[in-house]
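Worksheet: the structure to be examined is printed underneath.
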There are 2 protein chains.
Amino acid sequence: MDEAEPSAAAPLVGLAAAILAATLDEPRVLTVPVAGQPAGRGEGLPAGPLEPAHPTLERGLRAWVERQTGQSLGYVEQLYTFGDRDRRRDGRDEGGQHALSVAYLALVREARPAADATWQSWYRYFPYEDRRAGRPPALDAVVARLEAWAEEAASPAEGRRRGDRIGLTFGAAGGWNEERVLERYELLFEAGLVPEAGAADSLAGQAMAFDHRRMLATALGRLRGKIKYRPVVFELMPPAFTLGQLQRVVEALSGVLLHKQNFRRLVAQQGLVEETESVTAETGGRPARLMRFRREVLLERPAPGLRLPAGRAG
Amino acid sequence: MDEAEPSAAAPLVGLAAAILAATLDEPRVLTVPVAGQPAGRGEGLPAGPLEPAHPTLERGLRAWVERQTGQSLGYVEQLYTFGDRDRRRDGRDEGGQHALSVAYLALVREARPAADATWQSWYRYFPYEDRRAGRPPALDAVVARLEAWAEEAASPAEGRRRGDRIGLTFGAAGGWNEERVLERYELLFEAGLVPEAGAADSLAGQAMAFDHRRMLATALGRLRGKIKYRPVVFELMPPAFTLGQLQRVVEALSGVLLHKQNFRRLVAQQGLVEETESVTAETGGRPARLMRFRREVLLERPAPGLRLPAGRAG
DNA sequence: CCGAGATATGCTCATAATGAGCATTTACCC
DNA sequence: GGGTAAATGCTCATTATGAGCATATCTCGG
């Protein structure tokens with residue numbers, strides 16, 4: 001995987017994938033066990049080194065993912081390249097070779113776990129990101145710890161800066177912005193509140209191997225932003241679905257609830273979907289019409305997406 | 001620079017920067033001469049290999065830029081990591097080592113060229129991206145060539161796909177989306193209409209060394225998108241400026257004209273700026289009040305930016 | 001000093017987009 | 001048949017947008 005042994009002064013380049021899906025109204029990420037990690041950090045993302053045989057970065061990534069999880073990828077998008085020394089905190093700055101990791105976001109429909117790979121809810125790693133049931137109770141403890149960290153800053157100015165960042169990312173100021181997943185994680189990291197940064201407990205969610213949780217945070221933030229201006233949600237949906245299902249997936253991804261009638265009005269007037277002839281025998285209630293994604297929308301609108309409102313509702 | 005000689009199977013990692021500024025109402029990019037390139041491709045972005053002495057990717061980038069151009073960078077953001085085989089067309093796929101390039105976007109206020117570095121207008125490289133004076137005449141020839149390329153597709157289906165992409169990116173369908181700079185460049189590249197892809201002429205703008213024009217396209221697209229939801233324009237502005245200057249800079253970046261009164265209403269109601277006491281003796285016309293960026297807006301709004309309208313006006 | 005030309009600013013107005021609800025329909029379960 | 005659960009259809013008040021009209025102030029050429 002990444003963090004392999006040095007062989008020369010040339011950098012090592014790893015590839016890693018945050019593979020996301022949404023099944024049963026719960027957002028999922030595909031994880032694999034990682035050996036040789038500290039306790040509580042044995043979960044990771046599918047990953048492996050870039051090899052000379054790989055024709056491109058993305059092809060190399062697909063190869064690693066299929067080998068490790070049996071999952072073949074559809075939609076793939078590069079996220080970010082993480083440098084090692086940004087990532088490590090163990091002070092290994094003596095000028096050795098670098099180890100980079102190019103992280104990708106992948107969206108898949110079916111969850112077909114293979115080998116030791118397992119699908120986990122996102123919110124296992126970021127419990128405070130799920131606000132579908134209102135403000136998560138875990139949040140209070142987290143924010144309290146963050147505020148203590150702000151208090152103990154070296155200077156008052158630094159303390160104020162920390163306080164501002166807490167307010168900005170965790171919502172005291174201007175409400176909750178669901179896209180700031182990475183900023184929230186980084187704040188927790190800097191405050192030493194996650195095991196990846198040396199914390200003893202996992203107050204703020206399950207830890208991961210290496211810097212994989214940072215990559216996952218990057219992926220979630222990117223996806224949450226992108227559904228607003230690109231019809232990427234449909235990469236996660238089956239070919240036919242009801243508007244209710246679509247809404248629940250969007251809510252699962254964004255972590256906030258939406259006003260039902262307005263949601264369907266939005267989807268309809270954006271021309272994102274079209275009716276099929278069939279309906280479903282849902283769980284309870286009136287049967288819903290099955291819809292399908294209208295590909296033509298890509299040619300009609302400059303930025304077709306589901307611009308979610310800032311607010312929330314039932 | 002990148003594309004250096006192979007030394008092992010380990011990948012080579014390069015760093016490159018698209019350093020952008022806006023002076024005299026014209027958007028600029030800092031370029032350096034690149035030796036050993038084909039004719040017409042002697043211009044490039046500041047770049048250099050990642051070295052073991054570099055503490056982080058970004059610090060390495062800053063070091064290279066200062067060494068090559070004397071410019072110190074303020075705002076820096078990672079753009080994308082380009083893999084070599086995605087980049088090259090010379091068929092060197094025999095399984096050698098990889099050469100990657102991590103590209104960055106940097107925004108600076110003052111243009112202080114040093115050594116051989118020079119500031120050039122963006123639109124030297126992408127003439128068809130500047131619509132401030134209306135639809136650029138160069139565009140017709142470009143689109144005509146693209147359409148010819150679509151015609152000569154192997155299959156009708158592929159031809160239709162190409163036609164759709166042309167319409168989508170160059171505006172036949174759904175109007176002009178100023179953010180799709182990269183998609184437009186890639187289309188031209190695929191169609192073989194740029195020197196980087198083997199074209200003899202530079203019908204679609206000045207070429208650059210390596211894949212630097214692709215990086216620049218990525219940078220422009222990112223910036224054009226980002227000004228809409230983050231107050232990054234102010235990284236390009238002096239401490240005090242008039243609303244007219246701000247508007248002209250935004251227009252220069254986005255390449256489209258905006259309705260003046262609505263622009264100032266937007267800026268005002270978003271709370272992005274505050275008045276200073278002073279006014280300017282402009283070129284002609286009534287003196288304008290000098291404004292400054294209101295940093296506090298970062299704490300107040302979730303996504304403070306200048307969401308430009310789709311349309312344009314005088 | 002006057003009028004033209006060039007901006008900067010203030011305001012108005014029609015239309016579209018949003019945020020919240022109310023009211024009906026149509027299944028399924030007792 | 002009555003109750004519960006969704007899915008749908010519509011309405012309404014509030015904002016946000018896109019376009020203009022009207023004024024205010026400078027500079028410049030006569």
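This structure is a prediction, so every number in the text was calculated from the model and none was measured.
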Exercise. Taking atom P of C/dT7 as reference, at what distance in whole Å does atom CG of B/Leu257 sit?
Worked result: 13 Å

Exercise. Rounded to the nearest Å, what distance is computed from the CD atom of residue B/Gln269 to the P atom of nucleotide D/dT14?
Worked result: 17 Å

Seminar exercise, completed: B/Asn262 CG to D/dT15 C1', in whole Å, measures 14 Å

Exercise. Out of D/dA19, D/dG9, C/dG19, which has the shortest distance to the side chain of A/Gln261?
Worked result: D/dG9

Exercise. If you find the nucleotide of DNA chain C closest to A/Pro287 and the one closest to B/Leu243, which residue's nucleotide is nearer the 5' end?
Worked result: B/Leu243

For this session: Send over the distance from B/Leu306 CG to D/dA16 C1', rounded to a whole Å.
Result: 15 Å

Exercise. Hey, is the side chain of A/Lys260 poking within less than 4.0 Å of OP1 or OP2 on D/dT8, counting only N and O atoms?
Worked result: no

Exercise. D/dT14 C1' sits how many Å from A/His259 NE2, rounded?
Worked result: 15 Å

Exercise. Of B/Arg264 and A/Gly285, whose closest DNA chain C nucleotide lies nearer the 5' terminus?
Worked result: B/Arg264

Problem set entry | Integer-rounded Å distance: C/dT26 C1' and A/Arg286 CZ | 6 Å

For this session: Please say whether the positively charged group of A/Arg131, taken as NZ for Lys or CZ for Arg, lies over the ring of A/Trp176, i.e. under 6.0 angstrom from the six-membered ring centre and within 45 degrees of the axis.
Result: yes

For this session: Remember a base hit wins even if backbone is also touched, and classify A/Arg289 as base, sugar-phosphate or nothing at under 4.0 Å, heavy atoms.
Result: sugar-phosphate

Exercise. If only atom types and distance count, is the side chain of A/Arg224 paired as donor or acceptor with the main-chain N or O of A/Ser254 below 3.5 Å?
Worked result: yes

Seminar exercise, completed: Here the distance between atom C1' of D/dA7 and atom CG of A/Leu290, to the nearest Å, is 13 Å

For this session: Look at the side chain of A/Arg265 and decide which nucleotide, out of D/dT17, D/dT8, D/dC12, has an atom nearest to it.
Result: D/dC12

Exercise. Less than 4.5 Å apart, any side-chain heavy atom of A/Val108 and any of A/Tyr75?
Worked result: no

Problem set entry | Student check: side-chain heavy atoms of A/Val249 and A/Met237 closer than 4.5 Å | yes

Exercise. What's the CD-C1' distance between A/Gln270 and C/dA16, to the nearest Å?
Worked result: 13 Å

Exercise. Are the side chain of B/Glu186 and the backbone N or O of B/Glu183 linked by a donor-acceptor pair below 3.5 Å?
Worked result: no

